[in-house]
Amino acid sequence: VCGGCQYTTLPYAEQLELKDGLVRELLERYAIDQKVYSGIEACPGRFAYRNKMEYTFGDTEKGGPMSLGLHRQRSYMSILTADQCQLVPDDFNALVRATLDFCNERHYSFYHKKSHRGLLRWLVLRHGVRTGELLIHIVTSSQGDFAATEFAEMVQQIPLENMIAGILHSVDDKPADTVAADQTELLYGRPFYHEQLLDLQFEVGPFSFFQTNVLAAERLYDYALSLVSDLAGQNVFDLYSGTGTISMLAARRAKQVTGVEIVPEAVAAARRGAVENQLANCRFIEGDVLKILDELIEKPDLIILDPPRSGVHPKAWSKILAYGVPQILYISCNPKTALSDVAAARGQSYRPLSIRAFDNFPGTRHVEAVVLMSRKI
């Protein structure tokens, strides 16, 4: 009912068949040769794979008891308590229930999205899959007194399988319905958790973007870079680089990697990651890809891109194709926009050499794709 995992009642083989069929329909729509498509990779695990969840305080029915969880499908206002979710670690479900009980006992109000009145806004939970660390982050407005110290003490008493790395309380009075903070207080531990992806080390903070399914991301990145025959001595552009995961993986073999990302927190995390992993040949630039490409003097030998679901802006895509690099490695969380971009590249003599889909999010409709494009000479 929450709409987060619409396929969860289907047998897994049927889920994969549906997602594979979606990609094949798109290939036909954009007149892309299906011979280059190698099918869909199953996920390493169907359940408890999410390492981050943003839970919203609200109510399921107007005037009903307070809830803490996820939006009801096709509903902006209705929030369903999600303390039995199968896509997250058991610790997340325990923390949701304990937090909701704690807040109900104190008769706290939730922040109403229309009136912008109320105290409680979000509970954000993050989990280090490789390290077994938890980061617990509660966000309120300034409209009332939240017992932050008591909350931190309560959380530390919950029997959990994983270790608490940090507990934070943020105050956010901006009306936008997106997790943010005007100010953040560290209540316990440190303001980040550690994670490992392949053999790289990361510090993930409360606002850092990081791969939601670590095991699946490792498989996808490993496969994607295996498509590039020779990175040695190459100058690589990683556009829409996020926290720089694939930039750093490529930097272990390439001469130089330049990551471009518009989100400041992601750039800061990527720079810290490059230092922590001792990658001096990896740099990150903050800014819009469309503008930054006009400012970069050097020319790439290979371009990697992992754009948002909306795909690459047409003007940015034109600039990317104009470099005329021999190969473009396109990683996408939305095959529709990716294959649309691939089709649009025909005019610049690019053709897809390899397309593979990945099911990184079982139970949901989401499909990832990796495309290797080559330029005809």
Side-chain angles (χ1 to χ4, degrees), residues 1-10 15 18 46-127 136-144 146-147 151 154-155 158 169-182 206-207 209 212-213 308-310 333-334 361-367:
V1 236
C2 75
C5 48
Q6 301 91 336
Y7 288 180
T8 197
T9 58
L10 297 176
Q15 294 184 35
L18 282 169
R46 284 188 58 192
F47 302 105
Y49 59 77
R50 288 193 62 93
N51 62 13
K52 177 189 176 185
M53 286 290 277
E54 294 179 356
Y55 300 98
T56 302
F57 287 94
D59 54 16
T60 305
E61 305 292 341
K62 186 175 181 180
M66 186 165 65
S67 50
L68 173 58
L70 307 174
H71 291 265
R72 184 192 292 272
Q73 195 169 4
R74 294 184 292 274
S75 174
Y76 175 67
M77 299 299 294
S78 181
I79 303 297
L80 299 166
T81 294
D83 59 352
Q84 299 181 54
C85 179
Q86 297 180 42
L87 303 188
V88 300
D90 289 339
D91 284 353
F92 282 26
N93 292 325
L95 285 161
V96 166
R97 173 46 55 193
T99 299
L100 184 57
D101 290 345
F102 175 88
C103 294
N104 276 327
E105 287 169 4
R106 285 156 181 77
H107 305 290
Y108 290 147
S109 61
F110 67 87
Y111 185 88
H112 198 280
K113 297 181 181 66
K114 289 186 176 179
S115 67
H116 305 301
R117 303 296 301 172
L119 177 64
L120 303 170
R121 303 198 69 174
W122 299 285
L123 175 70
V124 184
L125 303 178
R126 309 192 72 151
H127 171 227
I136 299 159
H137 183 201
I138 192 163
V139 184
T140 70
S141 74
S142 62
Q143 300 173 40
F146 178 70
F151 172 75
M154 179 277 296
V155 166
I158 303 171
H169 171 223
S170 289
V171 174
D172 179 33
D173 285 321
K174 292 181 286 295
D177 191 27
T178 53
V179 177
D182 298 323
F207 301 104
F209 170 80
T212 311
N213 186 340
R309 291 190 60 79
S310 56
C333 60
N334 186 353
F361 303 103
T364 78
R365 295 173 179 169
H366 297 296
V367 188

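Just so you know, these numbers come straight off a predicted model, no measurement behind them.
Distance alone, capped at 3.5 Å, is enough to place a donor-acceptor pair between the Asp182 side chain and the Asp173 backbone. In this structure a side-chain-to-backbone donor-acceptor pair under 3.5 Å is missing from Ser170 to Val139. Side-chain atoms of Arg121 do not come within 3.5 Å of backbone N or O of Phe57 as any donor-acceptor pair. Not one N or O on the side chain of Ser67 forms a donor-acceptor pair closer than 3.5 Å with the backbone of Leu80. Panel note: side chain Gln143, backbone His116; a donor-acceptor pair is recorded below 3.5 Å. Using modelled atom types, no side-chain atom of Gln73 and backbone atom of Cys2 make a donor-acceptor pair closer than 3.5 Å. Using modelled atom types, no side-chain atom of Asp172 and backbone atom of Ser141 make a donor-acceptor pair closer than 3.5 Å. Under the 3.5 Å distance criterion, the side-chain polar atoms of Gln86 are left unmatched by any main-chain donor or acceptor of Ala48.
Residues Leu10 and Leu18 have side chains in contact (heavy-atom distance under 4.5 Å, counting atoms from C-beta outward). For the pair Leu95 and Ile136, the minimum side-chain heavy-atom distance is below 4.5 Å. With contacts defined as side-chain heavy-atom distances shorter than 4.5 Å, the pair Phe110/Leu119 does not qualify. At least one side-chain heavy atom of Met154 sits under 4.5 Å from a side-chain heavy atom of Ile158. For the pair Asp59/Pro65, no side-chain contact is recorded, criterion being any heavy-atom separation below 4.5 Å from C-beta on.
For the atom pair Ile79 CD1 and Leu70 CG, the distance stands at 7.5 Å (nearest 0.5 Å). Taken to the nearest 0.5 Å, the CZ atom of Arg50 stands 8.5 Å off from the OG1 atom of Thr364. With rounding to the nearest 0.5 Å, the separation of CG in Leu100 from CG in Leu123 is 10.0 Å. The structure places CE of Met53 at 14.0 Å from NE2 of His127, a figure rounded to the nearest 0.5 Å. Rounded to the nearest 0.5 Å, atoms OG1 (Thr60) and CE (Met66) are 11.5 Å apart. Between Phe102 atom CZ and Leu120 atom CG the span is 9.5 Å, to the nearest 0.5 Å.
The two residues Ala180 and Lys174 have their closest heavy-atom pair at CB-CE, 3.8 Å. In this structure, Gly118 and Ser109 approach most closely via the heavy-atom pair CA-OG, 3.5 Å.
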Subject >> Evaluation steps, side chain to side chain contact (heavy atoms under 4.5 Å, CB included), between Leu125 and Tyr55 >> reply: CA-CA 8 Å; Leu125 303 178; Tyr55 300 98; 3.7 Å; yes
Subject >> Stepwise side chain to side chain contact (heavy atoms under 4.5 Å, CB included) test for Arg117 and Tyr111 >> reply: CA-CA 5 Å; Arg117 303 296 301 172; Tyr111 185 88; over 6 Å; no
Original post:
Are Phe207 and Val124 close enough, and set up right, to give a side chain to side chain contact (heavy atoms under 4.5 Å, CB included), and what steps lead you there?
Top reply: CA-CA 10 Å; Phe207 301 104; Val124 184; over 6 Å; no
Original post:
Could you walk me through whether Arg72 and Glu61 pass the salt bridge (charged side-chain N to carboxylate O under 4.0 Å, His left out) check?
Top reply: CA-CA 11 Å; Arg72 184 192 292 272; Glu61 305 292 341; 3.7 Å; yes
Subject >> Stepwise side chain to side chain contact (heavy atoms under 4.5 Å, CB included) check, Lys113 with Thr56 >> reply: CA-CA 11 Å; Lys113 297 181 181 66; Thr56 302; 3.6 Å; yes
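Side chains of His71 and Ser78: no donor on one and acceptor on the other come within 3.5 Å.
The 12-atom threshold is exceeded at CZ of Arg309, counting heavy atoms of other residues, nucleotides or ligands nearer than 6.0 Å. Crowding of Gln84 atom CD: a count of heavy atoms from other residues, nucleotides or ligands under 6.0 Å not exceeding 12.
Taking the ring axis of Tyr49 as reference, the NZ or CZ atom of Arg46 does not stay both within 45° of it and closer than 6.0 Å to the ring centre.
Phe146 and Phe151 have tilted rings, their planes meeting at an angle from 30° to 60° on a 0 to 90° scale.
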